Amino acid sequence: MASSSRMLTVVVLAALVAGAMCAVRVKLTVEKGSDKKKLALKIDYTRPGASLSEVELRQHGSEEWQPLTKKGDVWEVSCSKPLVGPFNFRFLSKNGMKNVFDEVFSTDFKIGKTYQPEY
């Protein structure tokens, strides 16, 4: 019985290590044209074997996800009211993987600055 539990422990640890090695890495750079009502982002999304198909934003205090539109290599969202941070992002890859990152950066973002979610 002890041998079975050791084997299970080894398998679980191996799965955790493999999962950590395949972790999604995201960098969001705020682009020119961003202001209080518009956010334009260049997104570096790195996940082995996956490419980004959708990006959504959820503002602080909201339950609603707003889709970003891709224009060239920049993802944009515009609102009629000022954006409220900190901002949460949801990414969907073309192969169906979904990742959510909470409170990536706040309303006082800087154009040209790159932000990374905490993992």
Side-chain angles (χ1 to χ4, degrees):
M1 184 62 111
S3 176
S4 294
S5 65
R6 283 189 198 134
M7 186 62 115
L8 179 60
T9 301
V10 169
V11 169
V12 169
L13 287 173
L16 289 173
V17 168
M21 292 174 66
C22 294
V24 173
R25 297 287 179 218
V26 178
K27 295 179 184 178
L28 301 102
T29 303
V30 179
E31 296 292 304
K32 289 181 182 179
S34 297
D35 58 33
K36 292 180 183 182
K37 295 183 181 181
K38 179 181 177 182
L39 195 54
L41 300 169
K42 190 165 192 176
I43 300 172
D44 179 12
Y45 176 87
T46 307
R47 182 182 185 105
S51 59
L52 203 53
S53 66
E54 293 179 33
V55 178
E56 296 174 307
L57 166 77
R58 189 178 74 219
Q59 298 182 57
H60 180 72
S62 175
E63 295 298 318
E64 182 180 329
W65 288 96
Q66 300 169 270
L68 278 74
T69 304
K70 189 171 184 183
K71 295 182 179 179
D73 60 350
V74 175
W75 293 83
E76 297 180 353
V77 63
S78 294
C79 298
S80 58
K81 297 179 182 179
L83 295 162
V84 180
F87 305 114
N88 306 295
F89 292 93
R90 182 164 60 187
F91 300 94
L92 181 64
S93 69
K94 289 183 181 176
N95 65 358
M97 296 299 296
K98 193 178 284 190
N99 299 100
V100 176
F101 298 100
D102 294 321
E103 299 183 359
V104 179
F105 58 91
S106 66
T107 307
D108 64 347
F109 57 81
K110 305 290 184 227
I111 292 177
K113 183 167 180 174
T114 300
Y115 299 90
Q116 285 185 264
E118 292 187 22
Y119 302 99

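Everything quoted here is computed from the prediction, not taken from an experiment. For this chain, numbers begin at 1 and follow the sequence in order.
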task = Go through the steps for Phe109 and Leu39 under the test side-chain contact (heavy atoms from CB on, under 4.5 Å), then give the verdict.
result = CA-CA 10 Å; Phe109 57 81; Leu39 195 54; 3.9 Å; yes
message = Set out, in order, the CA-CA distance, both residues' side-chain angles and the distance that settles side-chain contact (heavy atoms from CB on, under 4.5 Å) for Phe87 and Thr107, then state yes or no.
response = CA-CA 8 Å; Phe87 305 114; Thr107 307; 4.3 Å; yes
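In this structure Glu63 satisfies the side chain to side chain contact (heavy atoms under 4.5 Å, CB included) test with no other residue, sequence neighbours excluded. Evaluation of the side chain to side chain contact (heavy atoms under 4.5 Å, CB included) rule for Thr114 yields Lys27, Thr29 as partners, not counting sequence neighbours. The side-chain hydrogen bond (donor to acceptor under 3.5 Å, both in side chains) test applied to Ser78 returns no partner, not counting sequence neighbours. Taking Lys32 as the reference, Ile111 meet the side chain to side chain contact (heavy atoms under 4.5 Å, CB included) condition, with sequence neighbours excluded. In this view, Phe91 and Tyr45, Phe101 satisfy the ring pair (Phe, Tyr, Trp, His ring centres under 6.0 Å) rule, not counting sequence neighbours. Residues satisfying the side-chain hydrogen bond (donor to acceptor under 3.5 Å, both in side chains) criterion with Glu54, sequence neighbours excluded, are absent altogether.
Within the structure, every pair that satisfies the salt bridge (charged side-chain N to carboxylate O under 4.0 Å, His left out) test and touches residues 68-83, not counting sequence neighbours, is listed here: Lys38-Glu76, Lys42-Asp73, Lys71-Glu76. A ring-ring contact (aromatic ring centres under 6.0 Å, His included) check over residues 53-76, counting only residues at least two apart or in different chains, returns nothing. Residue pairs that meet the salt bridge (charged side-chain N to carboxylate O under 4.0 Å, His left out) test with at least one member in residues 96-106, sequence neighbours left out, are Arg58-Asp102.
Lys110 places a side-chain heavy atom less than 4.5 Å from the side chain of Tyr115. Contact of the Leu41 side chain with the Phe89 side chain is registered, since non-hydrogen atoms from C-beta on lie closer than 4.5 Å. Counting only heavy atoms from C-beta outward, the side chains of Leu57 and Gln66 approach each other to under 4.5 Å.
A distance-only check finds a donor-acceptor pair linking the side chain of Gln59 to the backbone of Val84 [under 3.5 Å]. Checked by atom type and distance alone, the side chain of Lys37 never pairs as donor or acceptor with a backbone atom of Cys79 at under 3.5 Å.
The two atoms that bring Ala40 and Ser34 nearest to each other are N-OG, 2.9 Å, heavy atoms only. Contact detail for Glu56 and Pro67: the closest heavy-atom pair is CG-CA, 4.1 Å.
With rounding to the nearest 0.5 angstrom, the CG atom of Asn95 is 7.5 Å from the OG atom of Ser51.
Checked options Val77, Leu68, Leu92; the residue passing with Val55 is Leu68 (criterion: side chain to side chain contact (heavy atoms under 4.5 Å, CB included)).
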